[in-house]
Amino acid sequence: MSYNHQAIEKKAQEKWATLDLYHTDLTDESKEPYYLLVEFPYPSGDLHSGHWYAFAVTDIYARLLRARGKNVLFPIGFDAFGLPAENAAIKHGVDPKEWTYKNIERMRAQLSSMGASFDWSKEVITCDPSYYQWTQWLFTKLFEHDLAERREAAVKWCPKDQTVLANEQVIDGCCERCGTTVEEKRLTQWFLKITDYADRLIAGLDTLPWREEIKEAQRAWIGKSEGAYLKFDLALDFQGSTLESIKVFTTRPDTIFGATYVVLAPEHALVAQLLSHVSNKSEAEGYITATKRKTERERSENKEKTGVLLEGIMAINPATKEKIPVYIADYVLASYGTGAVMAVPAHDERDHDFAVKFNLPIVETTFAEWDEIASIGGQKTTQYRLRDWLVSRQRYWGCPIPIVYDPEGKPHMIPAEHLPWLLPADVDFTPTGKSPLASSKELRERVTKIFGEGWTPEYDTLDTFVDSSWYFLRYLDPKDPHDFSDQSLMKKWMPVDRYSGGSEHTTMHLLYARFFTKALHDLALVQIDEPFIERFNRGLIMGPDGQKMSKSKGNVINPDEFVGRYGADAVRIYLAFIGPYNEPGNYPWNLDGVASMRKFLDRIVRASERVAADAASTEALQQTVARTNMKIAEDSDRFKFNTGIAALMTLLNEFETTPLLSRDVFREFVIMLAPFAPHLAEHLWEKLGGEGSVHQQTWPLATIVAAANETIVVQVNGKRRGSMTLPRDVSQEAALAASYELSSVTAALGGKSPERVIYVPNKIMNLVV
RNA sequence: GCCGAGGUGGUGAAAUUGGUAGACACUCGACACUUAAAAUGUCGUGAGCUGUUAAAGGCUCGUGCGGGUUCAAUCCCCGCCCUCGGCACCA
């Protein structure tokens with residue numbers, strides 16, 4: 001016998017909508033607020049298994065918290081700007097806006113079909129002017145406080161997507177989106193000064209109860225290292241030079257006496273000047289051109305050290321006063337430190353490799369004291385691996401940067417009364433490497449009209465990670481036309497209690513959102529300094545073959561098929577049962593898994609048919625119910641839904657040995673089932689004659705009466721020889737006497753009396769002979 | 001190379017953080033029901049040995065490998081190996 005999941009799901013979902021069950025009153029003072037956040041999706045159009053894993057399992061926790069009396073904010077929205085919409089526009093000639101909103105419509109329906117209890121009244125859509133107006137406003141605030149800045153820098157350029165990328169979006173030298181090897185260009189772009197917050201972003205981690213791997217990944221990404229600047233004067237073999245010195249960064253200023261040469265990166269600013277004084281100019285130029293042609297990745301893959309000596313130029317070691325040679329080599333990075341290093345081959349592996357290859361002296365040194373280092377011009381400094389966040393993109397479907405340029409080319413922020421600064425519609429999307437917005441006549445005319453002749457628009461749009469760096473604040477007040485959020489609600493609801501998402505966002509979104517929060521804190525726009533108290537990275541759902549799902553491998557699982565066959569509840573439980581949700585594992589989709597969860601649900605329905613109003617339940621069964629209750633509550637707080645479900649299964653197994661089930665006991669079971677299988681639980685609730693919705697019920701309060709009897713394991717020399725059931729907290733003497741009743745124990749003792757007796761009440765009796 | 005998290009049956013996993021290892025499931029096998037299949041139910045399912053007509057039961061080994069601490073180790077300590085994730089010519 002099998003129940004009709006389609007009918008049950010439809011009916012339950014309609015009931016919840018009618019009751020407006022998931023609307024959160026943010027001003028409710030009667031309950032404790034709990035902000036449960038899950039990363040909002042990009043509206044790609046179809047809910048895949050990853051979405052199901054993200055939203056359906058988190059929804060279980062939202063429902064549990066509500067049942068336990070919390071006022072739960074569980075919002076949803078769409079991270080709706082981004083490349084796919086634009087690419088669809090280029091490929092199929094559709095309007096990116098239409099494409100996006102059509103997908104959103106579709107995904108809303110799919111999210112409801114999983115039974116997710118989102119509060120849709122708080123929905124935010126980042127491409128909506130009512131949202132991006134405030135993204136723009138926040139950007140102007142950052143601009144006012146010098147945290148947003150336009151400057152020329154070496155930037156990463158994706159030749160396929162025809163746009164610059166943030167450092168974080170370059171993985172192993174390739175574009176994070178499309179995998180194309182990135183190029184380096186010198187361009188004038190907008191940056192947010194996240195490096196100003198590097199120290200605070202590290203320090204803040206200590207206050208957060210996150211898993212160590214997330215914290216470590218962020219620390220490594222920020223890459224703080226303490227050291228010193230040292231100056232190496234130049235000793236020139238020719239006359240009349242104005243060249244002075246080379247500044248280096250080192251984490252080991254104490255090894256200064258062992259510095260036997262100096263190395264500059266090929267892109268170092270001094271190189272051009274130095275080249276005019278060297279005797280091997282063409283050789284050096286040849287080396288530089290050759291290395292500049294290589295990508296950063298190609299350079300790092302080449303472990304063999306290369307370089308070129310600058311003939312005729314010597315540097316002076318400030319400690320030894322000796323003249324040492326100067327090289328250009330690509331093992332020194334222009335983008336880190338000063339782009340120049342003092343080489344200490346005796347104490348640095350890379351310098352050692354280079355010295356061996358170029359026959360340079362390797363001098364062991366005892367270490368210099370700081371006083372001595374300071375006396376030769378050493379200056380303490382801290383360097384970071386983190387770069388400022390490059391936020392301008394030469395793409396169309398993004399938030400327009402709220403900046404205009406005066407006739408002199410100086411940037412000005414667009415005043416608040418002109419926000420939202422609308423994305424123009426008369427645009428040619430074809431990627432040319434120039435911003436599509438430059439093709440908009442309307443935008444140019446708009447700027448002239450408002451600001452005057454000679455003023456020009458900013459044509460770049462913002463990185464979509466800017467949009468998602470503050471959306472959790474907007475959820476609290478999503479429709480406010482006068483402010484980005486509501487101060488009193490932020491005070492009550494922020495920081496987010498628990499944030500669930502993918503581990504791929506550890507060094508991007510998660511870091512950006514923390515930076516944004518700290519910056520807004522400094523601008524007195526938010527009170528909090530860290531946005532998320534708890535953070536859980538969920539795992540990955542793999543194909544049935546254990547490989548990452550991909551169309552080319554043909555191992556993509558469409559959850560809709562399983563939902564159609566077994567119901568949303570079965571899929572929800574399957575995903576929650578697959579493994580612990582508090583650690584990011586890789587879980588292959590088990591083709592039999594959903595069906596087996598449906599069997600479990602069918603067995604519940606069958607058990608419900610043996611519920612009798614007048615059936616009494618045993619005390620033992622009531623105890624099991626209470627223990628199940630505790631187990632689910634505790635495990636869920638640890639984000640372990642697999643063991644919670646196992647407890648429900650164990651309880652059902654026990655029900656099946658009971659001919660008639662008491663209504664009260666089964667009622668409690670249904671309430672405990674509700675977060676996991678919300679539709680079926682609603683159906684059973686109605687069958688039991690329950691009032692309202694099962695999802696309005698509070699969690700039955702577990703009172704566990706200590707069991708009257710406990711099983712005690714008897715060991716001889718640490719090996720299990722038997723067990724006995726004795727009254728709880730029985731004395732050692734009584735337990736010992738009972739142990740001797742067991743023939744297996746006396747046999748193992750072999751007539752000897754124990755030298756030592758270890759007795760752990762209610763657990764273990766160990767006799768040591 | 002450095003840093004972090006891990007390693008438990010055929011599979012996903014569990015173990016109150018030092019106290020009966022493998023809960024709960026999947027798979028597989030046998031049986032029952034059925035004309036048959038599906039569905040459902042019952043039993044078995046870490047390895048090896050032993051036991052009896054059949055059972056029940058009993059013994060040994062077993063949580064990546066080798067040591068150690070302890071009455072007792074998946075858990076703590078030392079030394080290796082492997083997997084996954086992050087960083088990586090970052091001075």
Side-chain angles (χ1 to χ4, degrees), chain A residues 1-2 172 211-225 227 248-252 255 263 265 296 299-305 329-333 335-344 347-351 353-354 383-386 503-504 506-507 537 546 573-574 577-580 583-593 595-597 599-600 602-603 606 630-631 634-635 640 642-653 656 711-723 744 747 754-760 762-769:
Chain A
M1 203 227 64
S2 193
D172 289 333
R211 281 177 71 94
E212 201 51 36
E213 61 209 82
I214 306 178
K215 294 190 191 185
E216 269 310 305
Q218 291 211 346
R219 285 190 200 108
W221 188 262
I222 297 166
K224 180 177 182 171
S225 52
V248 304
F249 170 70
T250 176
T251 54
R252 296 293 307 276
T255 62
V263 191
E296 207 171 286
R299 288 199 212 175
S300 66
E301 272 171 1
N302 181 18
K303 280 173 195 141
E304 185 78 6
K305 297 276 179 294
D330 69 1
Y331 82 91
V332 172
L333 305 176
S335 56
Y336 185 77
T338 61
V341 303
M342 64 178 214
V344 186
H347 298 278
D348 183 283
E349 210 182 317
R350 295 150 302 177
D351 296 342
D353 291 349
F354 191 85
Q383 296 291 318
Y384 301 92
R385 181 194 171 282
L386 184 71
S503 40
E504 70 275 19
T506 299
T507 52
N537 284 354
I573 293 193
Y574 167 67
F577 190 66
I578 204 167
E583 46 188 86
N586 292 341
Y587 302 108
W589 184 283
N590 180 345
L591 290 171
D592 298 306
S596 77
M597 292 303 117
K599 273 184 211 166
F600 165 62
D602 282 333
R603 280 165 54 206
R606 255 174 273 137
M630 295 264 293
K631 176 98 182 129
E634 280 168 13
D635 290 355
K640 280 180 65 102
N642 53 336
T643 49
I645 293 167
L648 281 174
M649 288 173 168
T650 309
L651 184 54
L652 181 67
N653 289 344
E656 286 175 339
T711 302
I712 298 174
V713 168
V714 186
Q715 300 179 331
V716 176
N717 289 331
K719 285 196 173 156
R720 187 188 192 279
R721 295 297 164 181
S723 67
S744 53
E755 289 166 23
R756 212 178 142 184
V757 175
I758 289 109
Y759 176 56
V760 183
N762 308 318
K763 271 190 181 150
I764 218 146
M765 167 66 76
N766 190 5
L767 306 175
V768 185
V769 290

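The chains referred to below are lettered A, B, ... by the order of the sequence lines, with proteins before strands, and numbering in each begins at 1.
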Q. Checking side chain to side chain contact (heavy atoms under 4.5 Å, CB included) against A:V713, which of A:R721, A:R720, A:M765 comes through?
A.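 Result: among A:R721, A:R720, A:M765, A:R720 is the only option passing the side chain to side chain contact (heavy atoms under 4.5 Å, CB included) with A:V713.
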Q) According to a strict under-4.0 Å criterion, is A:Y336 in side-chain N/O contact with OP1 or OP2 of B:A91? A)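 Yes, within the criterion.
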Atom-to-atom span, [atom1] of [X] to [atom2] of [N] - whole angstrom:
| X | N | atom1 | atom2 | value |
| --- | --- | --- | --- | --- |
| A:N762 | B:U20 | CG | P | 13 Å |
| A:Y574 | B:C24 | OH | C1' | 15 Å |
| A:R720 | B:U60 | CZ | P | 12 Å |

Answer with base, sugar-phosphate or nothing: what part of the nucleic acid does [X] contact at a heavy-atom distance below 4.0 Å?
| X | answer |
| --- | --- |
| A:S723 | nothing |
| A:K215 | nothing |
| A:D351 | nothing |
| A:V768 | sugar-phosphate |
| A:M597 | sugar-phosphate |
| A:A217 | sugar-phosphate |

Could you please name the option among [options] that lies closest to any side-chain atom of [X]?
| X | options | result |
| --- | --- | --- |
| A:K719 | B:U40, B:U60, B:C24 | B:U60 |
| A:A220 | B:U20, B:C87, B:C26 | B:C87 |
| A:V341 | B:A15, B:A91, B:C24 | B:A91 |
| A:A646 | B:G41, B:C89, B:A23 | B:A23 |
| A:N766 | B:A91, B:A72, B:C89 | B:A72 |
| A:I758 | B:C71, B:C24, B:C26 | B:C71 |
| A:T251 | B:U60, B:A91, B:G19 | B:A91 |
| A:R721 | B:A25, B:U60, B:U27 | B:U60 |

When you compare [N] with [M], how far apart are their [atom1] atoms, in angstrom units rounded to a whole number?
| N | M | atom1 | answer |
| --- | --- | --- | --- |
| B:A13 | B:U63 | C1' | 13 Å |
| B:U60 | B:G64 | P | 22 Å |
| B:C77 | B:G19 | P | 15 Å |
| B:A88 | B:C2 | C1' | 8 Å |
| B:C24 | B:C80 | C1' | 35 Å |
| B:U8 | B:C84 | P | 14 Å |

(Q) So does A:G718 get a backbone contact from the side chain of A:N766, meaning a donor-acceptor N/O pair under 3.5 Å? (A)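 Side chain of A:N766 to backbone of A:G718, a donor-acceptor pair under 3.5 Å: yes, one is there.
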**Q.** N/O donor-acceptor pair under 3.5 Å between A:N717 side chain and A:V769 backbone
**A.**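 Side chain of A:N717 to backbone of A:V769: a pair is present.
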Q. Does A:R219 come within less than 4.0 Å of A:E212, counting only side-chain N to carboxylate O?
A.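 Salt bridge between A:R219 and A:E212, a charged N being under 4.0 Å from a carboxylate O: yes.
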Q: Report the distance from atom OG1 of A:T255 to atom CE of A:M342, rounding to the nearest 0.5 Å.
A: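 Result: 3.5 Å between the selected atoms.
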Q) Quick one: are A:D351 and A:Y331 in side-chain contact, heavy atoms under 4.5 Å? A)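 In short, these two side chains touch, coming nearer than 4.5 Å.
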Q: Measure the shortest side-chain to side-chain distance between A:S596 and A:F577 over non-hydrogen atoms and say whether it is less than 4.5 angstrom.
A: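 Result no, sub-4.5 Å side-chain heavy-atom pair not found.
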Q | Candidate pair A:W221 and A:T506, rule side chain to side chain contact (heavy atoms under 4.5 Å, CB included), full reasoning | A | CA-CA 10 Å; A:W221 188 262; A:T506 299; over 6 Å; no
Q. Which letters describe nucleotides 2-13 of chain B, given B = protein heavy atom under 4.0 Å from base, S = only from sugar-phosphate, - = neither?
A. -SSS------BS
